[in-house]
Each structure stands twice: as structure tokens, then as C-alpha cells.
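Here the structure is laid out as C-alpha cells; the discussion comes afterwards.
Protein chains get the first letters and strands the later ones, always in sequence-line order, with residue 1 at the start of each. Note that the coordinates shown come from a computational prediction; the quantities given were computed from them, not determined experimentally. Scope of the values below: all heavy atoms of this structure, side chains included, with no hydrogens, waters or symmetry mates.
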Amino acid sequence: MHEHDVIVVGAGGAGLRAAIAAQEEGADVAIVSKLHPVRSHTGAAEGGINAALREADSWEDHAYDTMKGSDYLGDAPAIETLAQDSPEEVIQLEHWGMAFSREEDGRVSQRPFGGLSFPRTTYAGAETGHQLLHTMYEQLVKRGIEVYDEWYVLDLAVSDEDDPEDRTCHGVVGYDIQSGNIEGFRARDGVILATGGLGQVFDHTTNAVANTGDGVAMAYRAGVPIEDMEFIQFHPTSLPSTGVLISEGVRGEGGILYNSEGERFMFEYGYASNDGELASRDVVARAELSEVNEGRGIEDEYVHLDMRHLGEERITDRLENILHLAKDFEGVDALEEPMPVKPGQHYAMGGIETDENGETCIGGLYAAGECACASVHGSNRLGGNALPELIVFGARAGHHAAGRDLGEAEITTGKRGEWESGDVETPVAPGEAGISGADAVADGGAAAEGSDLSPDELVARATERTDRRVDALLENDGRNHSEIRSDVQESMTQHVNVFREEEGLKQALRDIRDAREAYQNVGVADQSRTFNTDLLHTIETRNIIDIAEAITLGALARDEFRGAHWRKEYQERDDENWLKHTMLSWNDGSPELWYKPVLLEGEEKRYEPKIRSY
Amino acid sequence: MSTQLPEQVEEESSAAEAEPTSAAQERRLEKKRQRAEEKERQRQAEEAEKALDEEDTYHLKVFRYDPEIAGKKEPRFDDFHVPYHKGMTVLDALMYARDTYDSSLTFRHSCRQAICGSDAMFVNGSQRLCCKTQLSDLEEPVRIEPLPHAEVVKDLVVDMEHFYDQMEAVEPYFQTNELPEGELEEQHQTRENREKVKMSTRCIWCGACMSSCNIAAGDNQYLGPAALNKAYRFTMDEREGEDMKQQRLEILEQEHGVWRCQTQFSCTEVCPKDIPLTEHIQELKREAVKNNLKFW
Amino acid sequence: MSQSYNRGLIEDFGRWREFSAGMWAWVFHKFTGWVLVGYLFTHIAVLSTALQSPDAYTTTIQTLEGLLVVRILEVGLLAVAVFHILNGLRLLFVDLGVGLESQDKSFYASLLLTGAIVVASVPTFLAGVFG
Amino acid sequence: MAERYSSFQAGGRRWLWQRITAAFLVVVLAFHFFLLHFVHHADEVTFAMSQGRMQELTYFSLMILFLLTATFHGVNGVYNALINQGLTGTRKTAAKLVLGVASAVVIVQGVRTALAWAGGVPL
Ligand SMILES: Cc1cc2nc3c(=O)[nH]c(=O)nc-3n(C[C@H](O)[C@H](O)[C@H](O)COP(=O)(O)OP(=O)(O)OC[C@H]3O[C@@H](n4cnc5c(N)ncnc54)[C@H](O)[C@@H]3O)c2cc1C
Ligand code: HEM
Ligand code: SF4
Ligand code: F3S
Ligand code: FES
């Protein structure tokens with residue numbers, strides 16, 4: 001068994017910042033990550049990091065924009081923390097040598113971004129995430145922080161008191177991908193989950209293949225409520241075959257969207273008669289899909305984004321990297337032909353419920369980054385607000401786990417504050433297939449038996465259980481996971497996409513149920529212990545199923561149209577009934593829906609909901 | 001760094017045998033193995049047929065090796081026929097082959113957009129990022145092997161530990177004695193200086209360059225193009241200050257540092273991020289000479 | 001890590017087919033360099049017959065130069081030297097950071113030029129040996 | 001981990017000298033070839049002719065310098081090539097020694113020959 005003060009799971013922007021912060025407090029910290037740190041998907045972020053750095057700007061404005069962008073579903077304490085801390089964190093990065101783009105006078109450059117009242121998006125060319133990730137990894141090397149890279153975390157070692165609020169997390173169970181060994185990691189002070197996005201729940205996403213929502217699923221099964229899962233951001237212009245993002249820059253420069261009939265549908269079909277292609281992300285994404293659904297898509301799949309009319313000179317001058325992307329990833333010469341594009345899953349606003357210190361309701365368990373939901377983004381994330389979230393809440397979680405006093409959190413976690421129970425009618429029972437709580441082959445539930453165990457024993461037990469589970473998967477001669485996974489992904493893209501209708505959502509729940517049942521009999525074909533990706537993908541598939549279900553349940557429950565969540569039957573934002581977060585608790589296998597109110601009360605003012613105008 | 005490989009069992013006995021397993025489990029596993037073989041034969045047959053009916057397929061020849069599995073201890077090439085669609089990359093083809101034909105086909109990949117650096121492989125005789133390589137640019141059959149000059153862990157996965165060690169041997173982190181006073185004060189940098197280091201900051205640690213360099217293949221201690229480029233990124237960053245530059249040049253000048261580079265240019269040719277590696281290394285050599293001349 | 005498969009020499013030597021210009025230049029330069037040192041040593045050895053007596057020297061040289069093989073070897077030496085010089089110049093430029101983009105072209109140019117010079121010199125080199 | 005800063009290594013200096021001698025050799029080697037194969041034909045070489053040239057101080061010193069630079073350049077090149085192949089430890093020391101001795105022999109032998117031709121340092 002390995003033992004450290006703080007264990008960070010995941011080495012993207014959030015995980016790295018958390019580890020550095022914990023080390024700054026003098027803790028013995030280690031990172032366990034299924035990818036080598038520099039392979040994390042934070043590297044893919046292009047646009048920038050929002051931070052109020054200039055005299056003419058203020059954190060209050062940043063907070064206000066964020067709240068407005070969240071469509072009033074963000075919690076004010078989290079949003080204000082983000083806005084207050086990000087300048088300092090960004091300057092910290094700069095002092096660590098991050099290669100930001102520069103102004104004439106040598107200061108870091110900032111640019112305007114959608115939804116911001118001031119150009120406060122700090123950037124490093126079109127590769128901000130890459131620079132951020134590498135700069136932080138460099139600090140990790142400098143500090144000699146231990147990294148268990150290519151170790152997959154399978155499970156959390158959590159005690160099993162009845163109420164999640166009474167439980168404690170003592171460590172994790174890791175699987176060494178290269179050797180196939182399963183080992184326990186005991187964390188004396190805390191475990192920080194920073195496992196990133198969950199894009200693989202959908203079959204078309206800008207996220208990496210490794211973004212399977214493992215952390216969210218593990219925490220969920222250990223009893224932590226997950227929050228606002230239905231809010232998924234879709235990006236309107238991603239390449240159909242790979243999901244690679246084509247930035248808004250193309251439309252900003254004058255790129256035009258056409259359907260298969262060669263019509264400029266944004267105007268001709270009245271999706272956005274004023275802004276056309278420049279309408280907001282969700283509007284464009286829905287318009288594209290409507291075209292495809294109505295038979296005007298190309299190959300029934302995508303639409304065309306054309307920039308040829310801009311002329312070669314202008315294109316090579318301003319959009320050169322787009323030419324490369326289209327060529328390398330889609331085989332299209334964008335100077336000669338239009339680029340195929342379609343909406344792709346991009347970001348998950350929801351996640352593991354935490355307070356503004358990154359702590360969950362389970363003692364010693366923290367979450368930060370895209371897998372967490374403090375809630376900063378509410379129902380819709382503004383561009384450039386995810387990266388500051390990583391460093392701000394990553395740092396806070398790290399400091400807090402290592403014992404720094406950050407003051408009492410204002411956000412309550414678990415069912416400790418105000419809450420109400422919820423109800424949603426589902427066509428099939430959600431949750432565990434088979435006998436709930438049984439040691440089914442495929443289960444990855446968390447709670448280890450007996451709260452009277454010492455932390456070491458608890459981790460050891462969890463390790464043994466996981467060992468058995470892996471053995472069973474390897475031994476079982478069942479179905480391959482990949483069909484199950486793609487069935488779920490396809491159903492999610494068809495039914496829980498930018499368009500959500502009651503019948504479709506229900507169908508998705510049925511499909512997920514089928515998948516759960518099929519998964520009962522899943523087996524791993526590859527018999528090797530060495531680098532068994534077949535096994536890992538099989539385990540990830542289980543996480544995908546749990547998360548897909550959570551997203552769909554939330555979407556079905558929330559009968560309003562807010563932010564990224566569109567419901568055919570309910571076309572209005574309903575502040576009367578829905579200024580509240582959707583919460584789901586696993587409850588040993590049968591998901592329980594409940595709600596907690598949104599906190600609109602800031603430090604100095606209350607954020608009054610305003611109509612969202614496009 | 002981290003992952004210490006525990007002592008492995010003898011080459012000959014497979015891991016399953018070495019562990020105490022019950023007879024029943026052994027039998028189950030044996031049956032599973034047999035069925036797997038059966039399935040594999042069936043797959044080969046089906047695929048061959050498919051290749052005949054469908055014209056628009058790509059023929060892949062993929063390197064296979066697994067230290068634990070009987071049929072794979074001796075490396076071999078497997079054939080896969082993958083249906084082609086416009087825009088398909090080598091990575092797409094590999095994923096298709098894995099998900100449809102053989103789930104034990106093993107390779108690293110994650111981002112699918114040339115930023116995570118996981119999937120550098122040896123494709124048709126050259127180090128390339130699979131996700132950034134269009135099938136249509138390649139001749140058939142497409143031969144896919146793990147990166148040369150690295151030890152193979154399994155199939156297309158190589159051990160990157162040595163590469164990481166070299167990257168980390170050059171003090172790959174920003175160090176300066178010239179930080180501004182205030183917490184919120186920026187440390188200014190000129191546009192020209194940022195422009196100078198820009199390309200060098202783009203490295204995604206894919207290891208293609210190191211794998212292509214003959215010198216690195218011969219001299220295991222050679223820092224290699226990627227690490228030297230990393231060092232360049234800091235040496236040329238004016239914000240670090242003169243003292244640091246001195247120290248950095250000393251690191252670079254060690255026996256297995258810049259002087260080992262024989263300007264073969266293959267690193268520059270294969271780098272998927274178009275970093276002018278040779279140019280950077282040469283500049284460091286000149287910088288080092290200038291630096292030494294000062295003290296003569 | 002003993003359990004992993006090392007592709008070893010087969011790979012190293014089998015890879016020449018995939019070499020690019022810069023790698024070939026390196027191989028040739030190395031080869032020619034070694035030939036030249038080898039020659040330097042033999043050359044000095046032959047010349048030092050002069051230490052015995054002037055006549056010994058003159059006879060040695062003239063017998064050697066009278067042999068066709070030696071003349072042919074000399075043409076080879078010329079080729080080797082010319083290539084080493086031209087590519088050496090190319091390398092010097094590379095060291096100065098000049099013309100890095102056309103490093104492959106300059107390698108081909110060195111090859112062509114070497115060929116041309118050698119062909120042009122054949123008559124001079126073989127002169128007298130048949131007579 | 002790759003070893004870090006071994007105490008200052010003459011690698012840089014040797015690298016530079018390799019270039020300097022190369023630049024020098026371009027000229028001298030070309031001259032040498034030209035003189036002995038094109039101006040005078042190979043089959044006409046005699047002791048007397050060599051003697052005649054060697055008695056010129058400029059030519060004599062040029063040849064000595066030629067010998068020194070060529071030896072350094074060649075031997076250093078070989079040494080580098082060996083190191084590039086990853087030669088370390090005792091084998092490296094051995095190579096260094098052998099090459100050192102060999103160059104000494106060549107130089108001594110070469111200088112003696114030149115002196116024999118010139119009949120002493122031509123002053
Ligand atoms: C294409 C793209 C562009 C974007 N552009 C921007 C932008 O311009 N501005 C902005 O603010 N945001 C942007 N975002 C969003 C932002 O980049 C992400 O939300 C953020 O990087 C997520 O970081 P993270 O640290 O939470 O997770 P990641 O960087 O995804 O890291 C997750 C880590 O967890 C590890 N991990 C996962 N599961 C396990 C497990 N089971 N066991 C062990 N380790 C595990 C992984 O190895 C990895 O190291 C963009 C996102 C995408 C996809
Ligand atoms: C005439 C002009 C010459 C030039 C311009 C020249 C140039 C060079 C250069 C630049 C190198 C270094 C290559 C590198 O380190 O990357 C080199 C290597 C070498 N040179 Fe020369 N050289 C010349 C003559 C000679 C002569 C006369 C000899 C023989 C005595 C010689 C023997 C070598 C050897 C053995 C190497 C090392 C090759 C290797 O890497 O294995 N060179 N030369
Ligand atoms: S320098 Fe280029 S080839 Fe080398 S590791 Fe970095 S990105 Fe890959
Ligand atoms: S291939 Fe190797 S020799 Fe130098 S130029 Fe590149 S590092
Ligand atoms: S998959 Fe990330 S670089 Fe190719």
C-alpha cells in the first residue's frame with residue numbers, strides 16, 4: 001500500500017494545481033493519473049483564461065457576467081470566489097513562466113470573448129490550455145512531486161455510514177496499467193478528484209477518449225450527490241469524423257453555414273434572423289441539427305461551414321490553423337471546399353457537488369475542475385471560464401486538504417442545508433441492474449463494509465474487492481463492452497443532445513437500462529495483465545452508463561428551458577419553480593432525485609435574474 | 001519517476017500460471033482462451049471475405065507483441081481490413097480495428113487532435129502522430145509499428161520512461177531571480193522574445209523526434225532533441241536572467257548534451273508540431289561557444 | 001525491463017530504407033571521414049619510407065603508382081575526399097545556422113558535385129598508368 | 001536520470017576545433033590534392049621533388065600544420081563517433097588512450113619524414 005498525506009486523482013490543470021497547492025502547505029502529496037500529466041485534455045483548450053487583471057476591469061464585473069451567463073443557476077459564493085481569485089492565480093502562472101501572448105508594452109494580452117463585458121480573456125496564442133498544462137507540470141517536476149502515471153483509479157475507499165455526510169474517504173484503489181497490479185493508496189488528509197470531463201458519454205465530442213467521467217461516477221457511487229448533470233454544452237462547429245473543434249473565429253470572420261440545398265439556413269429558416277451565424281453556441285447548434293433532422297443535412301449528418309469567399313489571403317492570414325485542422329483531421333482543403341461541421345458535446349457544467357473550498361459532503365473527499373460542480377457555470381459556461389476554475393478551485397482544494405484554513409464555506413454540501421425531495425417519472429427503474437448492492441461482476445460501488453475498520457484496513461478491503469472485480473471481468477467470457485458503450489453513446493446523441501423531448505429522454509433511459517443489463521454479462525477478451533486497455537475501457541464503460549443515466553434523469557426532471565438545457569415541451573425559463581439545482585444521490589444503487597436552492601446572495605449584493613437575451 | 005515495475009515472473013511462464021489459481025478458474029480461463037482463438041480464426045476468415053466484397057477498405061499491417069500471451073510472445077504482424085470513409089485517420093482505423101475485430105489491440109491515444117502526444121507510432125517507415133495522419137496520404141498496406149529505439153511494452157505501446165527522464169534532466173522549469181515585487185505584478189516580456197521561444201513551447205512530448213534520431217539510438221545518455229528543445233525554451237527566455245542562462249548552458253554542455261547532435265535533421269522532419277529542432281540545437285551550440293569564448 | 005521485447009539490431013540495420021537526406025549525409029560523412037583517417041595513417045606510413053633512403057621512397061611510390069588498382073583506389077579517395085569536403089562545408093553552414101531549410105538540397109548538391117568532379121578527374125588520375 | 005552537469009567538459013572546445021580545423025583543411029586539402037595530382041602527376045613523384053618543396057619554409061610549415069590539423073580532426077572525429085555510439089567508462093578511456101597514442105605516432109612519424117626531406121628545419 002502506498003501512503004501519502006494528500007492523493008490527487010487526475011493530472012489535468014485542476015489536479016496539477018491542487019497538488020502544487022497541497023505541497024505548498026507542506027503536505028506529502030502524490031498524483032495518481034491514468035494518463036501521463038502532459039497528456040491530459042486541458043492541453044486541448046485554445047481560447048483563454050478569464051481574469052480581471054486590468055484597472056478598467058473588476059472582479060465584480062467578471063462575477064456578474066458569469067452569473068448572467070449561467071442563466072442564474074450558478075451559486076454566488078462560488079462565482080465570486082472564481083472572479084476574486086483568478087487574477088492572482090493567472091499572475092502566478094505568469095510567474096511560473098507561462099508563455100502568454102504579449103502586448104507591445106510587455107504585459108500579457110487579453111481578448112474579448114462571448115458574454116464578457118470586458119476583454120479579460122488572457123491567452124497564449126491558440127494554445128492556452130497546452131501552455132497552462134505544461135507550465136504546471138514543470139512546477140511539479142521542480143518540486144519533485146510524485147506522480148503515479150498510467151495508474152488508473154478504480155475505486156474510492158470510503159467508510160459506509162448510512163448518511164453520506166458521515167462518511168470519510170481514506171484513499172483510493174489504483175491499477176497500474178503497465179503491470180496490471182492493483183494497489184491501495186492511503187490518503188491521511190484527503191483525496192482530491194480532478195478527473196476532468198465526461199464527453200465520451202456521447203458519440204460525438206470535442207473531448208478526449210480518456211474523458212469518461214470516472215471521477216464523477218466513482219464519487220456518485222460512493223454517496224456524493226452529483227449536481228446539475230443535465231447541463232451539457234454543445235459546440236456547434238466540430239468536425240464530423242473526429243470531433244475536433246473549429247473555433248468560432250471562422251464564423252467571426254464571416255464564415256457561412258449552408259445546408260445540403262445550399263441555403264444559408266440561419267437566415268432562411270429564421271433560426272437567428274438578426275445574428276445569423278454569429279448567434280450563440282446553443283442556438284447555432286440547434287439550428288444545425290434541425291436542418292439535419294429535416295432532411296437537409298449532408299449525408300444526413302452535418303452541414304457545411306464555408307469560408308472560401310473570404311479569399312485565400314485573409315484566410316491564411318487569420319485562420320491558418322483552421323486550414324491545418326481541416327486538412328489533418330478531415331482531409332478537407334478548406335480553400336477549395338466547404339468544411340463539414342456538426343454540433344459536438346463540449347463541456348459538462350454539472351458534476352460532483354462541492355463547496356467553494358472544493359470539499360464534498362464526504363469527509364476528506366474533494367473535487368476540482370470539470371468533474372466538480374461548485375457551481376460556477378450554472379446552466380451554461382462562458383468561454384474562458386473553465387481554465388480559471390481549474391486553477392482557482394484546484395488551488396483551494398489542495399490548500400484545504402492539506403490543512404490551510406480557508407474559512408467556513410457558504411455553500412452547504414449534501415443534505416445539510418435547505419433541500420427538497422424531487423420526483424420524476426421514469427419508464428424503467430434507474431440504477432443498479434440485478435440485485436441492488438450485490439457483488440455483481442460489474443459493480444464498482446464504493447462503500448467498504450464496516451465503519452469500525454481502521455483506515456488502513458478500509459483501504460485494504462477496498463483493494464481486495466476491486467481485485468476480485470477485475471479478476472471476474474477477466475475471467476468472465478461475456479460480451480465485449482464496445483457495443484454496449486456505443487449503444488449508450490448513440491442513444492445519448494440521438495435523444496439527450498441539444499434537443500430534448502420527453503419521449504426521447506424516456507427512450508434513452510430504456511436504452512441505458514438495456515445497456516446495464518447487457519453489462520451484467522460483460523467480459524474482457526484480452527487475457528494479458530500487461531497494458532490491458534480492453535479491461536480499462538470495460539471499466540470506463542460502466543462509468544459512462546451511470547453518468548448517461550444521471551444526465552438523462554436530470555434532463556427529464558427539469559421541465560424548463562434554461563441555458564444549455566432545451567426542452568421541446570417547455571420553452572420558457574421558469575424562475576418560479578426552477579431556481580434550484582438538480583441533485584442525484586446513488587443511495588446504494590437506486591438514484592434519488594432531490595433539489596437544493598441556488599444561492600444568488602453575493603458578498604455585497606444579490607444577483608437578480610434577468611431575461612436572457614440573444 | 002514513478003511507476004517502478006515490480007519484478008516480473010520468468011519469461012517463459014505466463015503470469016496466470018505463476019499465480020496460485022484454483023483448478024476451476026484455470027479451466028474456465030482455458031476455455032475462454034480456446035474460445036478466443038476460435039473467434040480469432042473466425043474473424044480472420046470474415047475479414048478476408050469482407051475485404052473481397054468491399055472495395056473501399058484499407059489494409060493495415062499492425063505489429064503485435066505481448067510478453068504474456070502465448071501466440072504473441074514472438075512478435076508478428078496482423079492484417080486488418082478497415083472500411084474507409086473520407087477524412088479517416090490512421091488512429092480512426094486502429095480504433096475501428098480494435099472495437100470491431102480485436103479488442104486486445106493495444107495502443108495509446110487520447111485527444112484525437114494532436115495535442116496529447118500519446119499516439120506517435122512508426123507508420124509506413126516514418127514517425128508520425130496517428131491522429132494527425134490521413135489514411136489517404138499513405139500507400140497500402142499501411143504498416144503500423146511501435147516507435148523504434150524504444151522498448152515495446154505491448155503491441156504499439158512503448159516504454160516512455162527514458163524519454164521522460166531525459167526531458168526532466170534539463171531542469172525543465174522556469175527559474176528566475178528577477179521576479180517583480182508585487183504579488184499581482186506581471187513580469188514583462190517583449191513580443192520578440194516570446195516569438196523567439198514560441199515554437200519551442202509547442203512540444204507535446206510525443207517522442208517522435210527522439211525515436212528518429214540515430215544518435216539517440218546509439219547513445220542512451222544523449223539528452224535528445226526534445227529535451228534540448230525544452231532547454232532552449234528556457235535558455236532563450238530573457239525573463240530568466242543572465243545567471244540562469246549560464247547555468248542552463250552548463251547543463252547543455254555536458255558530455256551527452258548539445259555536442260552529441262550530428263545535425264541529422266530527422267527530428268525536425270518528423271516533429272508533428274513543426275518545431276525547428278535542429279535549428280534550435282545549433283543555436284544552443286553557438287550560444288555555448290560564445291559563452292565559453294568569454295572566459296578564455 | 002527484461003520482459004519487454006527489444007527489437008535490437010534488426011531494426012537498427014533494417015531501417016536504412018527509411019533514412020532521409022540528413023541521415024544519409026551523416027552516414028556518408030562518417031564513412032568518408034573514417035576512410036580519410038585511414039588514408040592519413042597509411043599515407044604517412046608510405047611516406048616514411050623516405051626515412052630509409054631517398055631511393056627506397058622513390059621506388060615505393062613509383063611501383064605503387066604504376067599499379068592500376070592503386071590508381072583506381074586513388075579515384076575512390078578523391079571521391080571520398082571531395083564528398084567529405086563539400087558535405088563538410090554544408091555542415092559548417094548548418095553550424096552557422098545558414099540555409100537550414102535547404103539542408104536536403106545542399107546534400108544532393110554535394111553528391112552531384114562530387115560525382116561531376118570525380119568523373120572529370122578520371123583522365124588525370126589514370127594518366128600514365130596504361131602507358 | 002541522465003547525468004547532470006559533469007564538471008565543465010571540453011566538449012564545446014573540441015567541437016569548435018573540429019570546425020576550425022575543418023575550415024582550414026578545406027583549403028589545404030584542396031591545395032594538396034591539386035598540387036600532387038593535377039600540377040604534378042602522381043606517377044612522376046620522386047624523392048627529389050618532394051625534397052625541393054620541403055626546403056621552402058612556408059611549404060614545410062604548411063605541411064606540418066596540415067599534418068597536425070588533419071590528425072586532430074580525424075582522430076577527434078573518430079573519437080566523437082565512438083562516443084556517439086554510447087562508449088563509456090573504461091572502454092571510453094581505452095579508446096581515448098589508443099587514439100592518443102596513434103596520433104602521437106603519426107605526428108612523430110610525419111614530422112620525421114618531413115625533416116628527412118628537408119634535411120633539418122629549413123631556415
Ligand atoms: C477542445 C476544447 C477547448 C476548450 N477551450 C477552453 C478555453 O478556451 N477556455 C476555457 O476556459 N476552457 C476551455 N475548455 C474547457 C477546459 O479545457 C476543460 O474543462 C478543462 O481543461 C478540464 O480540466 P481538468 O483538469 O478538470 O481535466 P483534464 O485536463 O481532462 O484532466 C483529467 C485528468 O484526470 C485523469 N483521470 C481521469 N480519470 C481517471 C481515473 N479513473 N484514474 C486516474 N486518473 C484519471 C486523466 O489522466 C487526466 O490527467 C475547452 C475544452 C475542450 C475540450
Ligand atoms: C577538407 C576539408 C574537411 C572538411 C571541411 C571536413 C569537415 C568535417 C566536419 C564539419 C566534421 C564534423 C562532422 C560532425 O561532427 O557533425 C568532420 C568529421 C570528420 N572528419 Fe573531416 N573534414 C575535412 C577533412 C578531413 C580529413 C583530411 C580527414 C582525415 C584525416 C577527416 C576526417 C574526419 C573524420 C574521421 C570525421 C568524423 C566522422 C564521424 O562522425 O565519424 N576530415 N569533417
Ligand atoms: S519536439 Fe516535436 S517530435 Fe519531439 S517530442 Fe516534442 S512534439 Fe514530439
Ligand atoms: S535527429 Fe538527432 S542528430 Fe541532431 S538534428 Fe536531430 S538531434
Ligand atoms: S491522440 Fe492525442 S496526439 Fe494523437
With a 3.5 Å cut-off and no angle check, do the side chains of B/Thr201 and A/Gln131 form a donor-acceptor pair?
-> yes
When the 4.5 angstrom heavy-atom criterion is applied to A/His324 and chain B, the contacting part is neither
Please assess A/Arg102 against B/Asn193 for the test side chain to side chain contact (heavy atoms under 4.5 Å, CB included), listing each intermediate value before the final yes or no.
-> CA-CA 10 Å; A/Arg102 297 284 167 169; B/Asn193 191 237; over 6 Å; no
Does the side chain of A/His41 reach to within under 4.5 Å of the side chain of B/Cys116, using non-hydrogen atoms?
-> no
With a 4.5 Å limit on heavy-atom distance, are the side chains of A/Gln527 and B/Asp66 in contact?
-> no
Sub-4.5 Å side-chain heavy-atom contact between A/Tyr137 and B/Met167 | no
Under 4.5 Å between any side-chain heavy atoms of A/Leu35 and B/Ser118, yes or no?
-> no
Who wins among B/Val157, B/Thr190, B/Asp137 for the most heavy-atom pairs under 4.5 Å with chain A?
-> B/Val157
Given that the side chain runs from C-beta out, which part of A/Asp105 has a heavy atom under 4.5 Å from chain B: side chain, backbone, both or neither?
-> backbone
Heavy-atom contact with chain B under 4.5 Å, split by part of A/Glu104 | both
Per-residue tally against chain A (heavy atom, under 4.5 Å) across B/Glu192, B/Arg202, B/Gln175 peaks at B/Arg202
Side chains of A/Val209 and B/Arg112: closer than 4.5 Å at any heavy-atom pair?
-> yes
A/Asp477 versus chain B, the contacting section by heavy-atom distance below 4.5 Å | both
Note, A/His134 side chain near B/Trp205 side chain (heavy atom, < 4.5 Å) | yes
Answer key: most heavy-atom pairs under 4.5 Å with chain A among B/Glu185, B/Glu240, B/Arg108 is B/Arg108
Heavy-atom contact with chain A under 4.5 Å, split by part of B/Met88 | neither
If you count heavy-atom pairs under 4.5 Å between each of B/Gln187, B/Arg194, B/Lys132 and chain A, which one has the most?
-> B/Arg194
Salt-bridge contact B/Lys198-A/Glu127 (side-chain N to carboxylate O under 4.0 Å) = no
Do A/Glu94 and B/Phe174 come within less than 4.5 Å of each other through their side chains, counting heavy atoms only?
-> no
At a heavy-atom separation under 4.5 Å, does A/Thr212 approach chain B through its side chain, its backbone, both, or neither?
-> neither
Using non-hydrogen atoms only, which part of A/Ser101 is less than 4.5 Å away from chain B: side chain, backbone, both, or neither?
-> both
Heavy-atom side-chain contact between B/Arg191 and A/Glu103 under 4.5 Å | yes
